[in-house]
Number of protein chains: 2
Amino acid sequence: METITIKDIAKMCGVGVSTVSRAINDHPDINQETKNIVMQVIKENNYIPNNSARNLKRSDSRTIAVLIKGISNPFFSSMIKIFENEIQRKKYSFVLHRVEEQEDEIDVAVELVKEKRLRGIVFLGGHFTHTAEKLEQVKVPFVLSTIGVKENNLINKGFACVAVDDFKESYKMVDYLCKNGHKKIAIISSSISDESIGKRRLEGYKKALEDNHIFYNMNLVRTMREDIETYTMKNGYEVTKDLLESNEEFTAIYAISDSLAIGACRAIMEAGKNVPNDYSVAGFDGLEIGLYYNPSLTTIRQPVEEMAFETIKMLFDLINKKTTPDSKIFPAKLVIAESTRKI
Amino acid sequence: METITIKDIAKMCGVGVSTVSRAINDHPDINQETKNIVMQVIKENNYIPNNSARNLKRSDSRTIAVLIKGISNPFFSSMIKIFENEIQRKKYSFVLHRVEEQEDEIDVAVELVKEKRLRGIVFLGGHFTHTAEKLEQVKVPFVLSTIGVKENNLINKGFACVAVDDFKESYKMVDYLCKNGHKKIAIISSSISDESIGKRRLEGYKKALEDNHIFYNMNLVRTMREDIETYTMKNGYEVTKDLLESNEEFTAIYAISDSLAIGACRAIMEAGKNVPNDYSVAGFDGLEIGLYYNPSLTTIRQPVEEMAFETIKMLFDLINKKTTPDSKIFPAKLVIAESTRKI
DNA sequence: TTGTATGCGTTATCAC
DNA sequence: GTGATAACGCATACAA
């Protein structure tokens, strides 16, 4: 069976192709009756218009793409749901596109704009180390959402960002631990080369220690292993196991993500110790699992829903030229749960 | 700035469009030198070919699509990685496409085949209640992977499936609980209307009870709440809370997914009880979190990696016409961990 | 209200 | 090896 085209449908109906096209696209200038007939024939023959051809012709597609780096991050799933709803509510259609770890998201974006005639883009997650020049290749409005950006690099430089202040929130957590009597606080952080989220969270840690007059002990700064996928439970587990075996003394571990923190908890338990009695453990992100874990996880909860709504609002304001690109920093919340205690 | 096309590049280089096309597509009939020049100009101008136009012209795209229902399922992420690697290894390109809960995956597939000139499709997850007739609309080879299919419906009816035997594996778990002295085993299952995975796991539960001469108590059969997203921790938590408050006696809970089981554990702990001392809890799937949870989770581990490899192998065998569609059932493994005990 | 003709950006089929 | 040119399937300006 040959693939069926709009011409075939037109012939079957005894009408011109443009009539069929009008029927498909809910064009106003068409007789309701002929439209019904056309739609009927289309249904009977399982005709589906070729999207490549449509996109090629159209200049306007009312489509928003969300580009997400790494699909496995549970942090994003609730945001995506909101994106989806909000975008549909505005009568736009929504394309979720995953960009692989080694791909350049800007290149992918440029390609997608051409292919799908996008009206706007959301870049979700990942570390963003592009120059402003590179970003300018993207010719449609876009928002960088929950993306770790280099301080003073993109934010305040005319790009639209939605994020939390990783430095400040990280400080908040470490300060909380200090105020609860912890003086030997280990951190599970990202590698030195990371210029993004990880670095800023580490800086928050350092500053909090300093302000609390606590000696900064390099041996307590542990970086994720590079031979294991980063920001995972397994990584947190292995790093913590090493830490415990090093016999370096500490009373708390601050992991820069909840997944890492959960791995840390497990490592501690397997060493026959208790959380939080022997060691306090804190995370960052506010994943759902933190609520259900045992012990429930002390963490920094990012206001994901609000951030998602703001991302879409910002994007549409940009599309409708109501605003110029700007950044919006959301406050996150210190959630105190069972995994940390006062000593 | 106008979008730049192949024509513009051709003019800039002083060559014909076909030469540019040849350069882009690694065509053999082209002088290496002119190719270099063309590629240079392309790079300088950030030219990116329009995929819609390419797909429109091409008959052959060497592209495989993976259609996944619901993006949040952590069960899939490791499979996707393998798909990606394997597909690239075969010099095909890979498109991940998410299909929304209410969408019809077959319609999406048919559309995508036309748009992207797909060579093959993997349907991943979800409940599959399509008729054979409907499936035949898909004109390229496809594999149903880890999809709950109605018994005797699709399997053995000329469709390619990769799955575990949900009935048998569920039986295995419940039988294990029975053999460990549990006589009052609650189940967190799916709603009655579910004709897919959930139903088969429930049937396995029933049969195991029967074979162990245990009375089937309807009050211990709990279904996920429909007002909360299914197969989630929250759902397991709420259902278990209800169960505990009902004062119906039981010594074990078998949840038909790990996420549900984790929610169940939390509900039990919050009621001041202990897992496994007061209640044993078992799950199904073998998610990574089960290893890190406290207590670690007794579960049925599906051999996700093997299943992913087999899925791709099967698909390429189909594409290369080495085989006809067939189903392959993988054995899963009962993983005994800390969340269950003998009584 | 409807049909015809043109072009979207690319690849493939020819000639050269 | 290279360059015109005809499709690919559709939307749309324009004619009817």
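First the proteins, then the strands, lettered A, B, ... as listed; each starts at 1.
Set against D/dC10, C/dT10, C/dT2, the side chain of B/Tyr47 has C/dT10 as its closest nucleotide. Of the candidate nucleotides D/dC10, C/dT1, D/dG3, D/dC10 has the atom lying nearest to any side-chain atom of A/Ala53. Here the nucleotide nearest the side chain of A/Asp29, chosen from D/dT2, C/dT1, C/dG7, is C/dT1. In this structure, of D/dG9, C/dT10, D/dA4, it is D/dA4 that holds the atom nearest to the side chain of B/Ser18. Checking C/dG9, D/dC10, D/dT2 against every side-chain atom of B/Ile30, the shortest atom distance belongs to D/dT2.
When the side-chain nitrogen and oxygen atoms of A/Asn25 are compared with OP1 and OP2 of D/dA11, one or more of them lie within a distance under 4.0 Å. The side chain of A/Arg54 contributes no N or O atom lying less than 4.0 Å from OP1 or OP2 of D/dC10. Under 4.0 angstrom from either OP1 or OP2 of D/dC8 there lies no side-chain N or O belonging to A/Asn50. Regarding contacts with the backbone of D/dA11, a side-chain N or O of A/Ser21 is found under 4.0 angstrom from either OP1 or OP2. A sub-4.0 Å separation between OP1 or OP2 of C/dC8 and a side-chain N or O of B/Ser52 is absent.
Between A/Lys116 and B/Glu115 there is a salt bridge, with a side-chain nitrogen of the basic residue lying less than 4.0 Å from a carboxylate oxygen of the acidic one. Using a 4.0 Å cut-off between charged nitrogen and carboxylate oxygen, B/Glu310 and B/Lys313 do not count as a salt-bridge pair. A salt bridge links A/Arg89 with A/Glu86: the closest approach of a Lys/Arg side-chain nitrogen to an acidic carboxylate oxygen falls below 4.0 angstrom.
At least one donor-acceptor pair under 3.5 Å links the side chain of A/Asn50 to the backbone N or O of A/Ser52.
The nearest heavy atom of DNA chain D to A/Ile48 and to B/Gly16 marks one nucleotide each, and the one closer to the 5' end goes with B/Gly16.
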